[in-house]
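The structure displayed is predicted, hence computed values, not measured ones. Because only heavy atoms are used, hydrogens play no part in the values below, and waters and symmetry mates are left out as well, while side chains stay in.
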Amino acid sequence: MNPLSHTVTVPRALRWLLALGLASATLLAQAQTGNPPSTPPPAPAQPAPALGVAAQQEARCKAEWAAYAQSRRCFEACGSTGREGARNNAACGQCTDTPMPSCSEPR
């Protein structure tokens, strides 16, 4: 009888030990070569649901008020007030003159 002509059954515990040995040998080889172990790529994130019209308007209004507040802070920091209460913003070339938004100020 040819020794390779019949199937060999390996006990389950031995198969588990062989698989564990192969896995540890693979990790050891990767550690020695400096290659990190391969991990599956993260699942793509689901896109956020689209905002409704009211939420879009609220977000736009908040952004307009934030830009206006930043503009005011810039001009207040660099400008000066004259004797008659007039503002002199000649030194405020870096500031952007943003008009006050027409929507109501968010809370």
Side-chain angles (χ1 to χ4, degrees):
M1 177 165 149
N2 186 356
L4 298 177
S5 65
H6 65 284
T7 51
V8 177
T9 58
V10 179
R12 180 177 291 167
L14 188 56
R15 284 185 292 186
W16 183 81
L17 284 174
L18 287 172
L20 182 64
L22 286 174
S24 63
T26 304
L27 289 174
L28 181 62
Q30 288 175 347
Q32 289 174 346
T33 60
N35 293 336
S38 61
T39 57
Q46 299 243 343
L51 294 176
V53 174
Q56 288 176 0
Q57 289 174 345
E58 182 180 353
R60 180 184 46 82
C61 189
K62 283 182 180 180
E64 287 177 7
W65 274 100
Y68 174 71
Q70 172 61 30
S71 175
R72 271 190 83 178
R73 283 191 300 272
C74 183
F75 280 109
E76 287 171 359
C78 68
S80 60
T81 305
R83 286 185 296 205
E84 288 120 27
R87 289 287 293 172
N88 183 357
N89 291 333
C92 300
Q94 76 278 9
C95 297
T96 303
D97 189 16
T98 305
M100 182 183 283
S102 59
C103 58
S104 61
E105 189 169 3
R107 297 177 199 162

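Pairs passing the ring-ring contact (aromatic ring centres under 6.0 Å, His included) check and including a residue from residues 72-97, sequence neighbours excluded, do not occur. Residue pairs meeting the side chain to side chain donor-acceptor pair (under 3.5 Å) criterion with at least one member in residues 70-82, sequence neighbours excluded: Gln70-Arg73, Arg72-Glu76, Thr81-Arg87. Within the structure, ring-ring contact (aromatic ring centres under 6.0 Å, His included) contacts touching residues 85-105 (residues at least two apart or in different chains) do not occur. Contacts classified as salt bridge (charged side-chain N to carboxylate O under 4.0 Å, His left out) and involving residues 90-105 (residues at least two apart or in different chains) are not found.
Residues satisfying the salt bridge (charged side-chain N to carboxylate O under 4.0 Å, His left out) test with Arg60, not counting sequence neighbours, are Glu64. Residues passing the ring-ring contact (aromatic ring centres under 6.0 Å, His included) test with Tyr68 are Trp65, sequence neighbours excluded.
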Would you tabulate the side-chain donor-acceptor contacts of residues 88-95 under 3.5 Å, counting partners in other chains and residues two or more places apart, or write 'none'?
| residue | atom | partner | partner atom | Å |
| --- | --- | --- | --- | --- |
| Asn88 | OD1 | Ala90 | N | 3.1 |

